[in-house]
Structures are given as structure tokens and as C-alpha cells.
Amino acid sequence: MMRWMENIMLTKHLIQGVGQPKVAHAVVVIFLEFFAWGLLTGPMLAALHETFPQHTILMNCLVQGVKGFLSFMGAPLIGAFSDVWGRKRFLLLTVFFTCAPIPLMRLSPWSFFTLMSVSGLFSVTLSVIFAYVADITEEHERSTAYGLVSATFAASLVTSPAIGAFLSMRYGDSVVVLLATVIALADILFVLLLVPESLPDKIRLYSWGSPISWEPANPFASLRKVGKDSTVLLICVTVFLSYLPEAGQYSSIFLYLGQVNNFSPEAIAGFFEMVGILSIIAQTLLLSVLMKKIGNKSTVLLGLGFQLFHLAWYGFGSEPWMMWAAGAVAAMSSITFPSVSALVSRCTDHGQQGAVLGMITGIRGLCNGLGPALFGFIFFLFNVELKELNPVTPDTEEKRVIPGPPFLFGACTVLLALLVALFIPSQHAPAVQTCNTRVMMVSAIGVTENGSVPVSDENKEPLLQDSS
């Protein structure tokens with residue numbers, strides 16, 4: 001299988017796909033990938049608890065931490081080279097490696113968690129998808145398209161965990177893993193056979209024989225470029241401060257609801273179905289209205305406000321109804337990332353979408369590593385060990401003034417993100433012109449069109465125009 005993937009990636013011309021590139025292609029790819037993983041929600045928690053019974057939360061943090069750090073390293077590489085060689089090739093690569101661990105869950109849990117960790121180097125499908133969408137949409141419709149993609153992610157989580165739990169109880173975890181494997185394989189074949197290339201031929205370069213400069217693939221070089229543009233620097237800091245607690249929340253909320261708030265497995269499934277449905281509404285209808293009525297920056301600020309409120313409610317909430325209410329607010333906060341992505345795409349030239357969005361995804365990947373570790377450490381400091389899948393009785397768990405200290409800490413970091421986002425300019429300078437972008441892209445692979453020496457670093461434009 002790996003040799004087959006290598007031959008495909010090195011092929012100069014992939015299968016062209018069917019029809020013209022559309023947002024629907026991106027929606028299907030995202031839905032199938034996250035639906036497959038959503039089916040494994042219950043079985044993966046059980047496998048995690050069975051494999052590491054004494055250190056469940058610690059090992060979960062370790063797995064997510066390694067995966068997140070590798071995503072941070074790989075996202076700039078994938079994004080920058082997709083700007084040069086096209087989206088489809090790298091979309092196929094990211095989908096394949098994201099889904100590769102699935103068949104191993106029942107065969108070898110240790111191998112599953114190991115491969116899941118190291119697959120983070122290529123598990124950056126969202127950055128390529130957002131660049132794909134940016135290639136085929138106009139600026140005024142891009143926020144709606146991003147919202148649709150994000151809503152698809154939420155939609156895949158509305159039913160898949162419940163379906164996975166039902167099939168697991170009825171037929172066993174092996175059937176769930178088999179179904180998820182089939183769906184993942186269908187996703188790979190869909191990208192290979194049906195998804196057309198979105199990057200125009202006049203921008204995409206097939207210079208496979210040219211010497212390659214690895215500077216665009218260096219995530220730390222990408223971070224240095226951030227400092228050259230005040231707008232993208234503010235956006236990246238905002239993403240880091242807001243997504244850090246969100247990543248920690250994702251890693252612990254299942255166990256937190258069951259152990260601290262006495263949710264049954266059925267109630268947990270219903271909770272996430274409710275959040276998923278409301279997120280779909282927020283990222284489609286609400287996001288579109290807000291972008292038209294109050295603008296891009298104000299929508300980002302409103303989403304951060306919702307996130308601040310729901311994290312604080314998670315932190316202080318001690319009753320189940322409080323968690324349900326906080327979950328509804330959390331769904332409204334899901335408008336933040338698509339509105340941030342739309343803001344980034346407005347500031348970047350057509351040929352730089354993958355690089356910049358890859359950098360944003362890399363920061364999110366870094367948060368996926370730091371967030372779970374940070375939340376696990378704070379739970380440890382406050383003597384809260386999330387290791388049981390079943391809810392505890394009120395007699396065995398002492399009521400706390402602050403039941404969820406990590407969530408309260410997360411609310412503080414989101415408050416800082418909100419303050420940083422206030423300084424993001426509402427108006428942006430025009431994007432880099434196509435001629436300059438052409439020079440940047442050719443210099444990224446080491447040669448110019450006439451074979452001359454590449455331009456120096458001093459002559460390169462920053463990733464975004466300085467908007468201050």
C-alpha cells in the first residue's frame with residue numbers, strides 16, 4: 001500500500017477527476033474522513049482505557065501531543081508545496097495518512113496509537129481543503145464556503161458517534177472498525193478518481209527535476225515570516241490563544257462529562273449530537289448573516305466571546321443542565337475558525353493560500369499537542385484523574401467550587417485572544433500581485449522560468465502585505 005501511494009505521489013499527472021472543481025468535492029472529502037473517525041469515538045476511548053488503564057489521560061495527552069507537534073512541523077511543508085504542485089496530490093497524501101491507523105485499532109492497539117501519533121506529520125487535510133476552496137471561490141463567497149466546510153465537519157460528528165456506539169453494542173467493536181476502514185478507503189478513492197485539481201495550470205508548476213529549496217517547508221522559517229507582517233502575526237497569535245484551550249477541551253470533555261458531571265454514555269452521545277446540530281446551523285446560516293451584517297473582524301470577535309463564555313461555564317458548572325447550556329454556547333463559538341480562515345484568505349494572494357493556511361493549521365496542530373498536555377497537567381494539579389469511562393456516584397466525588405479548573409484557565413487564554421484580535425485591522429491592503437507571486441513560487445523550488453539564479457531572501461515579499 002505504501003509503495004502504491006509513493007508511485008501515485010511521484011506521478012507527474014494524476015487522474016484528472018470528474019468535472020470542474022467545486023466546494024462539494026471538499027465537503028465530501030471532509031465528511032467521509034471525519035465520519036470514519038467519528039464512528040471510532042467509543043471504541044477508541046475503550047481501547048485507550050484498556051491499553052493504558054492506570055494512565056489513561058496521560059497517554060491520551062502524549063498521543064495527541066506527538067501528533068499535534070508533528071502536524072505543526074508538517075503543515076507548512078504540505079501547504080507550501082501544494083501551492084507549487086497542486087492541491088489534489090497533497091490532498092490524497094493527507095487523507096491517506098490520516099486514515100491509515102484505522103484498521104489497526106483491533107489488530108494491535110499499541111500499533112494503532114503509535115501510528116496515530118506519527119501520522120500527524122501528514123494529517124493536515126483541513127489546510128489543503130481550505131486552500132482548495134480558496135482556489136475556486138470569490139472573496140465575497142469564501143466565508144460562506146469555509147462555513148460550509150466547517151459545518152460538514154460538525155455534521156459528520158452528529159450521527160457517527162451514536163452510530164458507532166449502537167453498532168459496537170449490537171455487533172462489537174470489530175464491525176465498527178471494519179465500517180470505518182471501508183469509509184476511509186472510499187474517501188481515498190474519491191480523491192484519487194473523482195476530485196479534480198483546483199490550482200490553475202498557469203500557477204501550478206511541474207518542475208519535478210528542478211532543485212528544491214526546503215526553506216518553504218521549514219515551520220520555523222514560516223514563523224519568522226509571520227513577524228514580517230503585523231496582520232498575520234496578530235491572526236496567528238489569536239489562533240494560538242483561542243485554539244489552545246479548544247484542543248485541551250476536545251481531549252478531555254468525554255471523560256469529564258462522565259466522571260465529574262455524571263453523564264451516562266447515552267447522555268454524552270446526545271450532548272455531542274446537540275452540539276453538532278447547532279454547530280451546523282451556526283456555521284452556515286448564522287455565519288453567513290453575521291459576515292454580511294457586522295463584517296469579518298466583528299464575527300471573529302463574537303465567536304471568541306462565545307468561546308470565552310462557554311469555557312467559563314464549563315469551569316464553574318456543577319450540574320448537568322449547565323453543561324447542556326454551555327454546549328449550546330460552544331456550538332455558537334464554532335463560527336470562529338471559518339471566519340478567521342476567511343480573514344486570512346482575504347489578505348493572501350491566490351498562489352499563497354496553501355502556505356499561509358498551512359501555517360495556521362500548523363499552529364492549530366501545535367495546540368493539539370500542547371492543549372491536551374496542559375489540561376492534563378492542570379487536572380493533575382487539582383487531583384482530578386479522568387480515567388473512568390463510567391460516571392461516578394455523587395458520594396464518591398466531592399463537590400468542588402471549581403469543578404473544571406482547566407476550562408477556567410482556557411477562558412483566560414481566550415480573553416487574551418480577544419484582546420489581541422481587537423488590534424487586527426478591519427481593512428487590508430491589496431494582496432500581492434500575481435507577477436510577484438509567480439517569482440515567489442518559482443523561487444520556492446529553486447529556479448526561475450528562464451533558469452536564472454533564484455531571488456534572494458531580501459527581495460521576497462512577506463506572506464501577507466503589512467496592513468498596519
Side-chain angles (χ1 to χ4, degrees), residues 1-2 4-5 8 14-15 17-18 22-48 63 67 71 87-109 111-113 115-117 119-120 122-130 132-133 148-196 250 254 269 272-273 275-277 279-280:
M1 180 67 75
M2 293 296 294
W4 173 74
M5 278 297 299
I8 289 177
L14 291 177
I15 299 174
V18 177
K22 299 178 181 178
V23 177
H25 291 107
V27 166
V28 172
V29 172
I30 288 297
F31 181 83
L32 291 176
E33 179 179 307
F34 286 98
F35 188 86
W37 277 103
L39 289 173
L40 301 178
T41 300
M44 186 165 63
L45 286 173
L48 188 68
V63 170
K67 182 177 181 180
S71 295
R87 313 296 185 199
K88 178 173 180 174
R89 181 173 278 103
F90 292 94
L91 188 59
L92 181 62
L93 180 72
T94 57
V95 171
F96 175 81
F97 279 99
T98 301
C99 298
I102 292 178
L104 297 176
M105 176 176 286
R106 296 301 297 172
L107 298 176
S108 175
S111 300
F112 168 77
F113 289 114
L115 184 57
M116 182 180 173
S117 300
S119 68
F122 298 101
S123 299
V124 290
T125 306
L126 273 177
S127 67
V128 184
I129 283 292
F130 279 131
Y132 188 97
V133 171
L148 182 60
V149 172
S150 298
T152 302
F153 164 74
S156 66
L157 299 180
V158 171
T159 56
S160 56
I163 293 174
F166 172 77
L167 293 176
S168 179
M169 289 188 298
R170 190 70 179 270
Y171 303 105
D173 289 346
S174 298
V175 173
V176 180
V177 174
L178 177 61
L179 178 60
T181 302
V182 171
I183 294 175
L185 181 60
D187 196 16
I188 295 172
L189 293 176
F190 179 80
V191 176
L192 177 63
L193 301 177
L194 300 180
V195 174
Y250 286 155
F254 283 92
F272 283 99
E273 288 185 14
V275 173
I277 292 172
S279 296
I280 295 171

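The shown structure was predicted, so the numbers you read here are calculated from the model rather than taken from an experiment.
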Test your reading of the model: is there a side-chain donor-acceptor pair from Ser71 to the backbone of Gly120, 3.5 Å cut-off? yes
Test your reading of the model: is there a side-chain donor-acceptor pair from Thr98 to the backbone of Thr94, 3.5 Å cut-off? yes
Non-hydrogen side-chain atoms of [X] and [Y] separated by less than 4.5 Å:
X      : Y      : result
Phe272 : Ser160 : no
Val195 : Tyr132 : yes
Asp187 : Phe35  : no
Lys67  : Phe113 : no

What are the two closest heavy atoms between [X] and [Y], and how far apart are they?
X      : Y      : answer
Val133 : Ala26  : CG2-CB, 3.9 Å
Pro196 : Leu194 : CD-O, 3.2 Å
Val176 : Ser168 : CG2-N, 3.6 Å
Lys88  : Leu192 : NZ-O, 3.0 Å

Any chance you could measure [X], atom [atom1], to [Y], atom [atom2], to the nearest 0.5 Å?
X      : Y      : atom1 : atom2 : value
Ile102 : Met44  : CD1   : CE    : 9.5 Å
Ile188 : Glu33  : CD1   : CD    : 9.5 Å
Asp173 : Leu167 : CG    : CG    : 10.5 Å
Thr125 : Leu93  : OG1   : CG    : 9.0 Å
Phe96  : Leu92  : CZ    : CG    : 8.5 Å
Leu91  : His25  : CG    : NE2   : 11.0 Å

Ser174: what forms a side chain to side chain donor-acceptor pair (under 3.5 Å) with it, not counting sequence neighbours?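 Ser174: no side chain to side chain donor-acceptor pair (under 3.5 Å) contacts found.
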Kindly write out the residues that satisfy side chain to side chain donor-acceptor pair (under 3.5 Å) with Ser119, not counting sequence neighbours, or none if the list is empty. none
Given Leu39, which partner from the list Val177, Ile183, Thr181 fulfils the side-chain contact (heavy atoms from CB on, under 4.5 Å) test?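 So the option named by the test is Ile183.
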Can you label the angle between the Phe112 ring and the Trp37 ring as parallel, tilted or perpendicular, going by 30° and 60°? tilted
